[in-house]
Amino acid sequence: MKNIYSNIYSFNKIVLKKTVETLKQGNLVGLPTETVYGLAGNAYSKKAVKKIFRLKARPKKNPLIVHYFSLKEARKDVIFNDEFLKLYKRLCPGPLTFVLMKKRKSKISPLVTANLNSVAIRFPKHKIVRSIIKSLNFPIAMPSANISSRLSPVTAEDVYEEFKNKLTTIINGGKAKIGIESTVIDLTEKPKILRPGIISANEIKNFLKTNLSKKKNKIKSPGMLKKHYSPGIPLVMGKKPKKSSHAYIVFGKKFKNRRNYFNLSKKGHLKEAAANLYKIMRKIKNKGYKKIFVSKIPNQGVGIAINDRLKRASR
Ligand code: AMP
Ligand code: MG
C-alpha cells in the first residue's frame with residue numbers, strides 16, 4: 001500500500017536506522033505492535049517520557065508500560081519472580097504485561113511509573129518493534145498511540161488521525177493482529193489481572209496452577225481510568241437502536257446485513273471480534289453516526305476483554 005501521509009513510513013533498513021536515531025535523540029515514534037499501535041520513547045529519558053504524556057494529554061498518575069527485547073535487558077530494571085518466569089517461558093514475546101517490583105538501581109524515569117516502586121513490562125512480538133528495540137541500548141516506554149481516553153489505533157493511519165503532523169515518524173506495520181491492548185497481570189503479590197486481554201485469566205491460572213486474586217485494589221492500578229477507549233459519541237450496551245442515524249454493533253450470524261449494522265464477527269469468533277472492535281468503532285464515528293448501540297457479547301474468554309472495553313467506552 002502506498003502511504004499518502006508524509007510521516008508514515010514503510011519499514012526497511014534505512015527507516016530502522018532513522019527510527020533508532022530519533023529514539024536516541026529523545027524524540028517519539030509511532031510503532032506497530034501485535035496488540036495496538038504504540039507511541040514510543042526512551043524509558044530512561046525524562047525528556048522523552050514527558051513528551052509522551054504531553055502529546056497524549058495523559059494524566060501523570062497513569063503509569064506507562066516499558067517494552068523490552070528479552071529477559072537480559074529487563075533484568076537490569078525489575079526483580080523477577082517464579083510466576084513471572086513461568087509465564088514468560090510460555091507466553092512471551094506476546095500480548096501480556098507484567099507488573100513487578102522495580103530495582104533500586106534501575107534507570108527507568110520515575111515519570112514512567114508515576115513514582116510507584118513497581119513497573120509494568122512487556123515483550124512485544126511484532127517483528128518491526130522487536131528489530132527496533134534490539135538495536136537500542138535502552139527500553140522504550142510505549143502506551144497506545146492515541147489521545148488519552150480515546151480509541152486505541154490499530155493502523156498507521158489511525159495514529160495519524162490522532163496526532164496529525166505533531167508526530168514526525170509513524171512506522172506502518174499493517175493492521176494490528178490482536179486489536180486490543182495487552183492483558184495486564186500484577187505479580188507483586190498474589191497474581192491478579194488488572195486489565196483483561198486476549199490472554200485470559202483461565203489460561204494464566206492453568207499455567208501458574210494457582211487461583212488468581214479477585215481483590216479490588218485501586219492503588220495497584222492508578223491509571224485504569226473509568227472512561228477510556230471512547231469513540232467520542234455515546235455508546236449503549238445490550239440494546240438495539242431505534243433510529244437509522246444510530247449504529248448497531250452486532251456479533252454472530254443471526255444478524256442481517258443492514259446499512260447501520262456493523263458485525264464484529266459473522267462467524268461468532270471472539271478473537272476476530274476483538275481484532276475488529278476499535279476499527280469498527282472508529283469507522284462508525286467517522287461515518288458521522290450520533291450514537292452506538294451494541295448487542296450482547298458473550299462474557300467469556302476474550303469476550304471479557306471486549307466487554308471491559310465497551311463498558312469503559314459507555315461511561
Ligand atoms: P496503556 O498504556 O494505556 O496500555 O495502560 C497501561 C496500564 O498498565 C495503565 O493504565 C496502568 O493501569 C497499568 N500499569 C502500568 N504500570 C503499572 C504499575 N507500575 N502498577 C500497576 N499498574 C500499572
Ligand atoms: Mg492506552
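Remember, it's 1-based here, ligands and their atoms both numbered in the order they're listed.
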Backbone N/O of [Y] and side chain of [X]: donor-acceptor pair under 3.5 Å:
X    : Y    : result
T155 : K175 : no
E162 : V159 : no
H126 : P124 : no

Of all the atoms in ligand 1, which lie at a distance below 4.0 Å from a heavy atom belonging to [X]?
X    : value
L116 : 18 (C), 19 (N), 20 (N)
S118 : 18 (C), 19 (N), 20 (N)
I65  : 4 (O), 6 (C)
P143 : 2 (O)

**OP:** Could you tell me whether T113 and ligand 1 have an N or O pair separated by under 3.5 Å?
**Re:**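 N/O-N/O distance under 3.5 Å: no.
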**OP:** Answer yes or no: does an N/O atom from H228 fall short of 3.5 Å to an N/O atom of ligand 1?
**Re:**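 No.
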Original post:
Rounded to the nearest 0.5 Å, what separation is found between the CG atom of N27 and the CG atom of N42?
Top reply: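 So the CG of N27 and the CG of N42 are separated by 10.5 Å.
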Original post:
About how many Å separate CD of E73 and CG of L136, when rounded to the nearest 0.5 Å?
Top reply: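 Here the interatomic distance stands at 10.0 Å.
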**OP:** Show the numbers, then the answer: is there a salt bridge (Lys or Arg N to Asp or Glu O under 4.0 Å) between R195 and E181?
**Re:** CA-CA 9 Å; R195 174 172 75 190; E181 303 79 1; 5.2 Å; no
Original post:
Should N257 and K266 be marked as a side chain to side chain donor-acceptor pair (under 3.5 Å) after you check the CA-CA gap, both sets of side-chain angles, and the distance that decides it?
Top reply: CA-CA 10 Å; N257 287 325; K266 270 208 165 284; 3.3 Å; yes
Original post:
With under 30° as parallel and over 60° as perpendicular, where do the rings of Y229 and Y278 fit, or are they tilted in between?
Top reply: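 Aromatic pair Y229/Y278 classed parallel.
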Original post:
Which one holds for T97 and ligand 1: side chain close, backbone close, both close, or neither close, with close meaning a heavy atom under 4.0 Å?
Top reply: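 No part of T97 is near ligand 1 at this cut-off.
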Original post:
Taking non-hydrogen atoms only, is R58 closer than 4.0 angstrom to ligand 1 via side chain, backbone, both or neither?
Top reply: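 The part of R58 near ligand 1 is the side chain, not the backbone.
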Original post:
Looking only at heavy atoms, what is the nearest atom pair of S109 and K46, with distance?
Top reply: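 Shortest heavy-atom contact: OG-CA, 4.0 Å.
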Subject >> N, O or S atoms of the protein lying under 2.8 Å from the Mg ion (ligand 2) >> reply: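 For the Mg ion (ligand 2), the protein N, O and S atoms that sit under 2.8 Å away are S144 OG.
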**OP:** Count the heavy atoms belonging to other residues, nucleotides or ligands that lie under 6.0 Å from NZ of K103, then report whether that count exceeds 12.
**Re:**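 Correct, the count exceeds 12.
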Subject >> Any R195 heavy atom less than 4.0 Å from ligand 1 >> reply: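 Judged by the 4.0 Å heavy-atom criterion, R195 does count as contacting ligand 1.
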